[in-house]
Amino acid sequence: MTPPEAPRSDAGRMPPAVSSCPGVKASSKMSVLRKRSDFLAAARAQRQGTGSMMVQGRDRRDGDGAIRVGFTCSKKVGNAVARNRAKRRLRAVARELLAAEGKSGWDYVLIGRADETATRPFEALKRDLCYALRKLAGQG
RNA sequence: GCGGAGGGCCGGAUGGCCGCGGCAUCCCCCAAAGGGGUGACGAGGAAAGUCCGGACUCCACAAGACAACGGUGCCGGGUAACGCCCGGCUGGGGUAACCCAAGGGAAAGCGCCACAGAGAAGAAACCGCCCGUCGCACCUGCGGUUCGCCAAGGGAGACUGCGCACGGGUAAGGGUGAAACGGUGGGGUAAGAGCCCACCGCGGGACGGGCAACCGGACCGGCACGGCAAGCCCCACCGGGAGCAAUGCCAAAUAGGGACCGCGCGUGGGGACAGGUCGGGCAACCGAUACCGCCCGCAGGCACGUCUUGGCCCGGCGGUCCGGGUUGGCAGCUAGAGGGGCGUUGGCAACAACGUCUCAAGAGGAAUGGUCAUCCAACCCCGGAUCACGGUCCGGGGUGGACAGAAUCCGGCUUAUAGGCCCUCCGCGCGC
RNA sequence: UGGGGUGUAGCCAAGUGGUAAGGCAUCGGUUUUUGGUACCGUGUACCGUAGGUUCGAAUCCUACCACCCCAG
């Protein structure tokens, strides 16, 4: 099912250039995951790690074309301030890219990492998400 | 100028671009849902820890109780209340400003005080000191002898010395310990001792001051009453229990567990059917004149126009209650002991009263942001100037923002916190 | 939101006011040709942190820190 898994160090390597990830106006409505069962379902599906985040993706297969996304951070990220900041940056980067790069009908869950999610430059954060979305699309 | 003490305040600023939350309003729309536009508002001094106190809601009880358990603990005041705050007292620390204290009761009782030490709780008597007796030391000497001495018995006994000896006196000295039953000096004595005296300490205390804690204290007592209650405990005061995942309402959906009740007294006639009561079984009874449906009366019940079938067991259906159990929505949900400013009055103060102006997040996998630029602190580097060699000032460059995110609300406490600002006071030094 | 527990040597741990047990591990030695095993010996603790009560605290009290568990 999964193609030959890239070694762990691959996650830190430079993702595809930003120019290949043009920011396009949202074509479909993006809504937010709110139920625990949705998060658990996504966690069982495919995942792709990068230097600054972990991305989980799942094809809902319910006929609805909407892209849904959830954000979460474990306690390992830090205190409430650090967790909230990480989720806000993930939310900002998802809002810019997900409508264009995500596959319709999928659920995505973005998981923050300690330090990296909060401190990585915004452009690099965008490259990480773009890279992860393409890997997931390729796997699917 | 240096060092220190106390208190208060701030917690980066501005502007682009892209966004988020509920609210108000307008538009699209028959309406709802949904979408769009506009507007003001949108984290903290600790929002944190969840350590106290309340509001609020439900449960329990019926007065306010008692017991148990838990908490608080100098006195007075403030407060809705508090374990908080203010003022005072006492004790301790500091040259001082000031700081610290769970600070009631140890003559209600129980318990503990290791080791060391004579003795550790209604004191004790080891060494020592003193008195007396006896023995030895003096004289004599039965005897024995390793010839150094040992020694029964008798005498003298004033002084002195000695004793694993005995009987008393004593608690000054010694040493132990965290703590040893007043201290220092003098008198006194056989030696000593509050035995007596002076001062200090201690206990009681008329009376005076103070709301009180407490303070002062004539006078009296030769001195007793060790410490620990953050050991049990006693005393006084406070506390019914649970918590917004409380609680109330609405909708949908799953499983059909447990308990209880009901399935409705009848009666006469007509008429039809072959088996008969809600279903099954058993027993009984009846059966072509039974019996139900049906029709007509009587009586009774209530839902008022319908119902009214005998026994036992099992089941079924309906209802009520209890229990298990899934999900979503709405309310609770933010205007209240509310915060802030100014003023007046009372009070030393905490605070209170009144007047006036002003401010006001309500999320719910959880909004209050992302990004860029400029500036302001801070830190580092380089160059220059000055200097009391600690530093200060000017210019340029770089890094770059403490602790930390509302979750029903409020009053406190505690803890974290880069850096900065202000006020008052104390000590020392210098100048005028 | 409410409740409970733990913290002692590198690891596991006993100790409930009076010198901080024990085991494993480490290190040294004996035995063995060597290693292992066995035996003997040795060191290692500011008892989670900071205050307080007490003559004396791992132990009692208060505050804080970290971790774990339970209920709705």
Side-chain angles (χ1 to χ4, degrees):
Chain A
M1 46 165 227
T2 43
E5 186 65 45
R8 249 296 164 254
S9 62
D10 197 22
R13 206 181 293 165
M14 195 44 88
V18 179
S19 57
S20 66
C21 286
V24 186
K25 259 305 179 199
S27 57
S28 59
K29 172 70 181 167
M30 189 179 78
S31 62
V32 178
L33 293 184
R34 292 182 190 280
K35 291 169 68 174
R36 180 171 168 77
S37 53
D38 289 334
F39 280 83
L40 294 177
R44 281 194 299 270
Q46 300 155 21
R47 65 185 61 187
Q48 176 63 45
T50 72
S52 59
M53 71 187 81
M54 167 80 76
V55 181
Q56 297 169 339
R58 180 177 76 101
D59 188 354
R60 281 200 312 282
R61 304 177 194 278
D62 61 356
D64 186 5
I67 297 175
R68 301 196 303 172
V69 62
F71 308 92
T72 189
C73 282
S74 77
K75 263 190 174 179
K76 207 184 290 182
V77 173
N79 59 20
V81 174
R83 292 199 300 271
N84 282 348
R85 181 170 174 79
K87 282 192 277 189
R88 282 166 183 156
R89 295 196 82 202
L90 290 177
R91 195 174 290 128
V93 77
R95 188 167 47 77
E96 288 197 19
L97 294 178
L98 207 60
E101 294 295 321
K103 298 177 74 174
S104 65
W106 278 48
D107 281 353
Y108 292 99
V109 172
L110 276 60
I111 305 173
R113 285 185 185 277
D115 300 327
E116 285 298 318
T117 307
T119 59
R120 176 164 288 224
F122 196 68
E123 287 303 316
L125 209 61
K126 284 162 77 172
R127 283 197 297 271
D128 282 350
L129 177 61
C130 188
Y131 167 77
L133 290 176
R134 297 197 159 207
K135 284 290 263 189
L136 287 174
Q139 285 171 6

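Lettering of chains follows the sequences in order, A, B, ..., and the numbering in each one begins at 1.
For the atom pair CD (A:E101) and NZ (A:K126), the distance works out to 11.0 Å, reported to the nearest 0.5 Å. In this structure, CG on A:L98 lies 7.5 Å from CG on A:L110, to the nearest 0.5 angstrom. Of the inter-residue distances, the one linking A:F71 atom CZ with A:M53 atom CE reads 10.0 Å to the nearest 0.5 angstrom.
B:A33 and B:C20: their C1' atoms are spaced 23 Å apart (whole Å). Comparing the P positions of B:A80 and B:A353 gives an interatomic distance of 7 Å, to the nearest angstrom. Between B:A43 and B:A363, the two P atoms lie 15 Å apart (nearest whole Å). Here the separation of B:C409 from B:U79, taken at their P atoms, is 27 Å to the nearest Å. If you take atom P in B:A123 and the same atom in B:A171, they sit 15 Å apart, rounded to whole Å. Distance check on atom P: B:A180 versus B:C214 gives 28 Å, rounded to whole Å. Distance check on atom C1': B:A96 versus B:U424 gives 16 Å, rounded to whole Å. Rounded to the nearest Å, the gap between the C1' atom of B:G22 and that of B:G11 is 28 Å.
Residue-to-nucleotide proximity on RNA chain B shows that, of A:A80 and A:K87, the 5′-proximal contact is made by A:K87.
B:G275 shows a glycosidic angle more than 90° from 0 and is accordingly assigned anti. Regarding the sugar-base torsion, B:A43 falls in the syn class, its angle being within 90° of 0. In this entry the base of B:G117 is anti relative to its sugar, with a glycosidic angle more than 90° from 0. In textbook terms, a nucleotide whose glycosidic angle is within 90° of 0 is syn, and B:G390 is one such case.
Between A:E96 atom CD and B:C17 atom C1' there is a gap of 11 Å when expressed in whole angstrom units. For A:R83 and B:G369, the CZ to C1' distance is 18 Å, given to the nearest whole Å. For the pair A:N79 CG and B:U415 C1', the interatomic distance rounds to 15 Å; values are reported in whole Å. To the nearest angstrom, P of B:G365 lies 16 Å from CG of A:D107. As rounded to whole Å, 12 Å separates atom P of B:C20 from atom CZ of A:F71. At whole-Å resolution of the value, CG in A:N84 and P in B:A48 are 13 Å apart. One interatomic measurement links the two molecules: OH of A:Y108 to C1' of B:G365, which rounds to 20 Å at whole-angstrom precision. Rounded to an integer number of Å, the gap from A:L97 CG to B:C18 C1' is 13 Å.
Within the shown strands, B:G169 is the pairing partner of B:C129 under the Watson-Crick or G-U definition, both distances less than 3.5 Å. The nucleotide B:A5 finds its pairing partner in B:U424, both defining distances of the Watson-Crick or G-U wobble pair being shorter than 3.5 Å. Across all strands shown, nothing is found opposite B:A31 as a Watson-Crick or G-U wobble partner with both distances under 3.5 Å. Remark: B:C330 base-pairs with B:G248. Criterion, Watson-Crick or G-U wobble with two distances under 3.5 Å. Using the Watson-Crick or G-U wobble rule with both distances under 3.5 Å, B:G279 pairs with B:C314. Nucleotide B:G391 forms a Watson-Crick or G-U wobble pair with B:U386, both donor-acceptor distances falling under 3.5 Å. When both pairing distances are held under 3.5 Å, B:C233 makes a Watson-Crick or G-U pair with B:G105. Within the shown strands, B:C372 is the pairing partner of B:G15 under the Watson-Crick or G-U definition, both distances less than 3.5 Å.
Proximity note for A:F122 (side chain, C-beta onward) versus B:A404, B:U371, B:C18: the nearest is B:U371. Here B:G369 is the nucleotide among B:G369, B:U371, B:A406 with the atom lying nearest to any side-chain atom of A:R88. Minimum atom distance to the side chain of A:R91 is reached by B:A366, of the listed B:A404, B:A366, B:U371. Which of B:G370, B:G19, B:G405 sits closest to the side chain of A:R89 comes down to B:G370.
Side-chain atoms of A:R113 come within 3.5 Å of backbone N or O of A:T50 as a donor-acceptor pair. A distance-only check finds a donor-acceptor pair linking the side chain of A:R89 to the backbone of A:R120 [under 3.5 Å].
Test A:L133, A:L136, A:L129 against A:Q48 for side-chain contact (heavy atoms from CB on, under 4.5 Å) and you get one pass: A:L136. The one candidate from A:R58, A:Q56, A:K103, A:R68 that meets the side-chain contact (heavy atoms from CB on, under 4.5 Å) condition with A:Y108 is A:K103.
The phosphate of B:A404 (OP1 or OP2) has no side-chain N or O of A:R85 nearer than 4.0 angstrom.
With hydrophobic clusters built from ILVMFWY side chains whose heavy atoms lie under 4.5 angstrom apart, A:I111 does not share a cluster with A:V81.
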